Structure formats: structure tokens, C-alpha cells
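The sequence lines fix the lettering, A, B, ..., with proteins before strands; numbering per chain opens at 1. Nothing here was measured: the structure is a model prediction, and the numbers come from that model.
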There are 4 protein chains.
Amino acid sequence: MYARPVEARHRGNRHGRSEAARLAVLEAADDLLVELGFASLTIEGIAARAGVAKQTIYRWWSSKTDILLESLAVDAVEHFDTAAHEDLGADLRAHLRRLAVFLTETDAGAVWLALAGQAQHDTAVAARFEAEVVLPQRERDRAPLLRAIESGALPGNEDVELAIDQLVGPIYYRALVTRQPVPARFTDALVSHYLGART
Amino acid sequence: MYARPVEARHRGNRHGRSEAARLAVLEAADDLLVELGFASLTIEGIAARAGVAKQTIYRWWSSKTDILLESLAVDAVEHFDTAAHEDLGADLRAHLRRLAVFLTETDAGAVWLALAGQAQHDTAVAARFEAEVVLPQRERDRAPLLRAIESGALPGNEDVELAIDQLVGPIYYRALVTRQPVPARFTDALVSHYLGART
Amino acid sequence: MYARPVEARHRGNRHGRSEAARLAVLEAADDLLVELGFASLTIEGIAARAGVAKQTIYRWWSSKTDILLESLAVDAVEHFDTAAHEDLGADLRAHLRRLAVFLTETDAGAVWLALAGQAQHDTAVAARFEAEVVLPQRERDRAPLLRAIESGALPGNEDVELAIDQLVGPIYYRALVTRQPVPARFTDALVSHYLGART
Amino acid sequence: MYARPVEARHRGNRHGRSEAARLAVLEAADDLLVELGFASLTIEGIAARAGVAKQTIYRWWSSKTDILLESLAVDAVEHFDTAAHEDLGADLRAHLRRLAVFLTETDAGAVWLALAGQAQHDTAVAARFEAEVVLPQRERDRAPLLRAIESGALPGNEDVELAIDQLVGPIYYRALVTRQPVPARFTDALVSHYLGART
DNA sequence: TTTTAAACGAGACGGTACGTCCTGTCTTGCT
DNA sequence: AGCAAGACAGGACGTACCGTCTCGTTTAAAA
């Protein structure tokens, strides 16, 4: 029913869980989210699409958001895994651009938005979302600024947290609230304003 | 949204719906949202709390989000219905503070967040939310800047849309994503940065 | 919306009910019973078909069976309103034949069967059905035998009630239970057996 | 109707339905029919009384009449499962008495009457009622007469169907239509008349 | 001729039960 | 031991009618 990867040849029975089932569930959840939207995503539907029993899902995940969180954790790290630029401006422009693309143009971004939405409805989801998604992302957002402080391009007393809010806030606002596109022109302008106000 | 003629308080028959039932439903929905959260909000629960038949709800609203949209439309207008200040800085500080309070401290703000969340799950909700909530709010956000242009405090070629994104984006980001508080110090800093970068 | 019979020109207002509405309801109920069956017969459906408000029905009738009882009372009398024969055998054969045709081939018979069915479900209907339909019919069934006793064709001590049960019982049994047709051959055989056993 | 293997008492999973749930539903339906009457018998009520989910009922039965038909099939067979007498008269008297008691004095008879009533309202019920209840019962009614023909007590050309109609018809007529009691005196008289007319 | 009150059409109301869908738990037999 | 399968109790969904109610119109008897 689903592909059984070579490196998982001993799974699904006496010793350990089935990696094949795990991957089939993650992929089915991602696919169905994009196809149907979060509201129409059901455990039963994921099980049917993955060719997996409901019980197998409940054995390893607690809810549909739990599945999405797992799939997101992997994808987000991959997306932002990149080398730094030497110049602070270039560094920030690349990072914000990458963030904008992630949120508005990738399947993982769709998962991100869905989870952010569900976090508004369910405090348990909100807590996990903050711990597992928002804070790690915040860490990644902070990196360019910390690098600049270390290199002396920014003073040591720079208010980094406020800077992050000002740099990424408008991007999330567009993606989540106004649903406008977030072109490079827009993210570049945010960087220009930030650097300009500092001189 | 609905005319409420004084002489028509006691309807529910041939010529019009029951205003009492309408208000009971809106209030019950608001209350239950705050008490239980959006995920546990059900039409049956609203009907029971409001002392109303389910059919009466379905006669006038298509879903629980439809009810919340109606209640929000009224409350949002009321919250931001305020006089302007003479000074652009004071005007902006007051407006952003009001926005922050609305989103993080009022029941209507909880409704706003829940709807923003649901908009991530359902494109129909997203469309109505944009048209009936986001755009009118955007209009209100634009007002202080337009007043400043008219009075000459800002140049005519100021990029108003970008300014709004920079001013309110971080506030929505905190309310929706990081769920940090949004103190006056934070909104004031946003205004300072905006005005400072302009000099 | 409905025909207004000439003899009802003064109704529907200050003093007295609308004969037009009454007839429209009775006819709609009969029609819909035959079209849809008793189970799908609803007060709302009757009101819509008759072009009458629900309230008008509830003003004058207590239920759909109440409507059918009224319509049946008229039709049954009409159907059996007939002259007697001189000979007991011919009298009985004509009467049983008439009963069989009524139950199995007329619209009023369909109403009769529906009410008999509902009488199994609702003791209030059963009581009215017995008083207003079964007993009057029993009276009509008795008439040929009483005439025969009076004319001397039957002895005065004849067990009339048992005779009726034996004569009409098999006809109702076929109409209600086995749903077989009830041809003249069958009713004639019942009469032959009854008269034959008496010799 | 359903096999009940001894070794499968505890099902409700992959390989079969829950026998416990099935019996609970049948018993609840019977009880509630007698307590409340057919009109007030609801699927929700049966589910609640049986401690069963509505879905479990809908999984195995299509309607409340479907449940009653299943329960009746068992009970009717049990009630008439009896040894034959040697004498035709005694055989018939015993059988008619048994039929009268069934219809007028047993819970299963109440179910029988309710289904006969519903058969007047719904042709699908009528079809199943005839096939699963009336025809099997007719078979049982026929047995005494066939035994008599075989033993030579009745001639080979006896009109058995007509005889059945005349023997049982009046009993059903009393039970369904006039709702009079059906004492042994009455059923014995039917037998006497039948045998007497044959001499 | 005007007033006026009963019956009317329309249809919104609080309810009940419907039949469907999905939840999360469970039991079974296979691998 | 993990799995696919699927029956289970539970509960919300959105729909259809129930019987009640209030509205504004119609109409003929009373004033």
C-alpha cells in the first residue's frame, strides 16, 4: 500500500514501530491539509489515505495537530538551514525573504499557518506551537542580529527582541491577517527602514 | 448590520425576526467563546445557552463563525470609535495602544483572534473576515496617517500602506504568534521608530 | 387559490369558518395520503397543498388523523348508502361485495386502512376510530341480518354478532393482513358457507 | 436469523458484531413499544434504554420497524412451536386459541399489531411484514388442515386457503379492528361452524 | 356607512427526533 | 509487539416537522 524504505526493513512487528506507517501518515496529513484545508482534515481521512488503521495513528500521535507539528518540525529546519552572509543587510534581506517564501509559497508554510490558526482555538496547541515552532524560529530570526553584534556591526546594547518584532512582524501580519503577497521589495524595505533608523 | 427599529422589539412572526433571539444568540456565542474556546463552541451549546432553538440559529446564520463575525462587526466599530489627537505622534500612540488592548484584553479581541485562526482553516471564512473585519480595520488604521498628510505633518508621497504594515504588523505578530503581552512601551517604541526614521 | 363554492359565500371572517378552507384541507389530506402514504403525510404538507395556513388547520383539527376521520365519515356513509335486496343471500352478497370494493379499491378505503393502522399505534385514535368508524360500519353490517330476522328468513335467536364476525372478518383479514385481493367469488363463498351451515 | 456461536459472545470488533448490543436493542425496543406505544417509540429512545450508540443501531437496522421485525420473527416461532393433536377439531381449537392469545395477550402480539399497523402506512414495511411474518404464520395456520388431509379426515380437494381465511379472519378482525376480546368460546365456535358446514 | 372582531395567509419561534459523520477506545487475528 | 480492520459509546452536525405564537389583511355583522 505504501513504499517500504530499505532502511526500515525490520519494522512494523515484534521489535519497534513501522517507519513506513509513520511516513505514510505524515505525508497523507500534509497532502490532505493542502487538498482539503485544516477544517476538513480528519484522523479517519488520514488513516484511509495512508492505508493505516486509526489505532496506529492514535498509538503514536494524540491529534491531527500533533501529526502536523511533527511534519512541520522537520520541514522548517530544512527550509532555514542555510549559510550566513558577511554583510548584515544582505544577511537580513536573505533571511526575511526566506521567511516570506516559507510562509506564503511552501506546503510547509501552509501547515505553519494552519497550526497558527489552531493555536488560536486550543491552548494546548498554542503551548506546543510556541515551544516547538515559534521559539526555535525566533532563535533562527535572532541569529543574523547576534552575528552582527559579535562582529561589531551592531552595538552590544541593541534591543534585539524589538528589532525582531519590527522585522518579522509585518511579514507574519501579511501572511496571517491581510493575506497579501510578501514580495522581496517589501522585505527589503523592512530591512532598509531598520538599518536607516539606526544611523 | 441589522436595523433595530424601536417599535419592532417584539417580533418573531410574519414581519421580521425576533430581535430578542438575535441578541441572545450573539451574547451566548461571545460568552461561550471566552469560556470554552472556539474548538468547544458548538451551535447546540449556543442554542442551549441562548434559550433558542437550533433551527432559529440556522435560519439566520450559516455557522458559528457567521455568528461571531456579526458580533465582532459591532464590537470592533464601538471599540475604535474615538476622537483624533492633534499631534501625529499622540494620534498614533493612542491608536496602536487601543489596538493592542483590543486584541489582547477584550472579549471582542478574543473573537477577533478566533476568527483570524479559523480564517487559516477555511477560505470562505478568510474571504468574509478580510472583507468585513480586516479591511474596515485597515481603514481605521489608515486614518491617523491620512490626517497627518492632510495637515502637512507628513509629505503627500508617504508610503502609507508600508507604514501601516510596519506600525501594526508587530502588534498582530505578538498577539497571534508569540502570544506575548503588548504593553504601551512596545507600541510607543513602534511609533518612535517610525517617526524617527523619517527625520 | 382554491374554489369557493357558491353556498359558502358568507364565511371565513366575522362569524364562522371558511368552508372553502375546510374542503381544501380535506381534499389535500385525501390526495396526499394516496400519493405519499400516511407516514409521509404531514400537517405542513397538507397546509401547503391546500393553500392554507397551519394555524387554520390546528384551529379546527387536532391532528392529521382527525382530518382523515372527518373525511372518512362522509365518504363511508356515501359508499354504503344503498337499497336493500329482498332475498337474504342477495342482500349479503351485495353488502360484502360493497365492503370488499370499499376497502381494496377506493381512496376512502385507503383512508380507512391508514386509520386502522394508526389505531394500532395510538389509543386515542383507536377510541375515536371505533366510535366513529367501526361501530357505524358494524351497524350497517348488521342491517341485512336484522332485516332477515324481521322477515322470518332467520330465526329470532340467531347469533347475529358471531355471524357478522364470520362474514366480514375474512374480508378485513385479507385487506389488512394478507393484502390479497377480495374478489366477488370470495365474498360469495363466505355467504354460501354461512347460509349452508344454517340448513 | 443470526448465528450465535457459543465461542463468539464477546465481539464488537474486527470479526463480527456485538451480540450483547444486539440483544439489548431488541429487548429495549420490545419494552419501550409496550410501555410507550409505537408512536412514541424512537431510535434515540431505544439507543438510550439499551445503552447503545445510535450509530450501532443504524449499522444493523434501517428503522424501528426493522428492529421489531427481527424481534417478532423469533418470538412468533417460539409461541407457535407446539405438538399436534390427533383429532382435527382439537387441533384447530388449540391452534386458534393459541393465535388469539398471541394477538391479544402477549408482548409479541403487541409488536405484531404495531407492525400490522405500520404496514398500512409504508409499503416497504408491508412487503417485509408479509414475507417474514404473515406468510410464515400462514404456513403454521395451514398445518392442521394439511395433517387432516393426509390422515383422511379431510378430502384431498378441500379448499384449504378459503378455510384458513374463514377460521383465522374473524380472529384478526377482532384483534385489529373491533378490539374486542377473543375468548375460547369464540374460537371454538369458529371451528364448530367450519366442521359443521362440512357435514 | 363605519366600526370591529373572528378567521385567515404567512411564517418565526422553542422544541424533538431524525440519520450522518467523526471522535477516541476496544478487541481480534495476522505478520 | 505492532499492525489493519472495524465495531463500539458518545456527541455534534444540519434538516424536517411539530404545535404555538403573533402579525397584518379580509370580510360581514353590528352599531
Side-chain angles (χ1 to χ4, degrees), chain A residues 1 11-18 20-22 40-45 47-48 50-60 62-64, chain B residues 8 10-18 20-22 40-45 47-48 50-60 62-64, chain C residues 1 9-18 20-22 40-45 47-48 50-60 62-64, chain D residues 8 10-18 20-22 40-45 47-48 50-60 62-64:
Chain A
M1 182 141 294
R11 305 299 180 71
N13 46 7
R14 191 76 168 73
H15 299 289
R17 72 187 282 192
S18 163
R22 177 177 159 268
S40 300
L41 185 66
T42 64
I43 298 278
E44 298 217 328
V52 142
K54 267 168 57 174
Q55 182 56 37
T56 298
I57 295 184
Y58 283 108
R59 202 181 341 260
W60 303 110
S62 63
S63 64
K64 64 180 179 180
Chain B
H10 305 299
R11 301 296 180 77
N13 46 10
R14 175 158 197 187
H15 295 289
R17 65 192 286 191
S18 163
R22 175 178 162 269
S40 299
L41 184 65
T42 64
I43 298 276
E44 297 214 331
V52 143
K54 265 169 50 170
Q55 183 58 42
T56 296
I57 295 185
Y58 283 108
R59 204 182 339 260
W60 303 110
S62 62
S63 63
K64 62 182 179 178
Chain C
M1 179 141 294
R9 58 199 176 279
H10 303 303
R11 304 300 180 72
N13 45 9
R14 187 76 167 77
H15 297 290
R17 71 191 281 191
S18 163
R22 177 177 160 268
S40 299
L41 185 67
T42 64
I43 297 278
E44 298 216 328
V52 144
K54 268 168 56 173
Q55 182 58 36
T56 298
I57 295 184
Y58 282 107
R59 200 181 344 258
W60 303 110
S62 62
S63 64
K64 64 180 179 179
Chain D
H10 305 298
R11 302 297 181 74
N13 47 6
R14 173 158 198 188
H15 296 290
R17 65 192 287 192
S18 163
R22 176 178 161 268
S40 298
L41 184 67
T42 65
I43 298 276
E44 298 215 328
V52 143
K54 265 168 52 171
Q55 183 59 40
T56 297
I57 295 185
Y58 283 109
R59 205 185 334 264
W60 302 110
S62 62
S63 63
K64 63 181 179 179

Residue whose closest nucleotide on DNA chain E lies nearer the 5' end, A:G45 versus B:A21: B:A21
Tell me: CD1 of A:I57 to P of F:dA5, nearest whole Å? 12 Å
Could you state the CZ-P distance from B:R59 to F:dG14, rounded to the nearest angstrom? 16 Å
Roughly how many Å is it from CZ in C:R17 to C1' in F:dA29, rounded to a whole number? 20 Å
Tell me the interatomic distance from C:E44, atom CD, to F:dT15, atom C1', rounded to whole angstroms. 12 Å
Closest heavy-atom pair and its distance - B:A47, B:A53: CB-C, 4.3 Å
Tell me: CD1 of A:I43 to P of F:dG11, nearest whole Å? 19 Å
Nearest-nucleotide 5' precedence on DNA chain F, C:K64 against D:V52: D:V52
Sub-3.5 Å donor-acceptor pair from the side chain of C:K64 to the main-chain atoms of C:L41, do we have one? yes
For the side chain of D:S18, counting heavy atoms from C-beta on, which of E:dG14, E:dC8, F:dC8 is nearest? F:dC8
B:T56 has its side chain closest, among E:dC13, F:dC8, E:dC18, to E:dC13
Rounded distance (Å) that lies between atom C1' of F:dA16 and atom CG of C:L41: 15 Å
I want to check a possible cation-pi pair here: D:R17 against D:W60, using under 6.0 Å from ring centre and within 45° of the ring axis as the test. yes
Check this for me: does the side-chain of B:Q55 come within 3.5 Å of the base of E:dC13 through a donor and an acceptor? no
Find the distance C:Y58:OH to E:dA6:C1' and express it as a whole number of Å. 21 Å
Ranking E:dC22, E:dC18, F:dC13 by distance to the side chain of B:T42, first place goes to F:dC13
Over all heavy atoms of both residues, which pair between D:A21 and D:V52 is shortest? Give the atoms and the distance, please. CB-CG2, 4.0 Å
Using only modelled atom types and a 3.5 angstrom limit, is any donor from either the side chain of D:K54 or the base of E:dG19 paired with an acceptor on the other? yes
What is the distance, rounded to the nearest whole Å, between atom CH2 of A:W60 and atom C1' of F:dG2? 8 Å
What do the steps show when you test C:I57 against C:K54 for side chain to side chain contact (heavy atoms under 4.5 Å, CB included), and what is the final call? CA-CA 5 Å; C:I57 295 184; C:K54 268 168 56 173; 5.7 Å; no
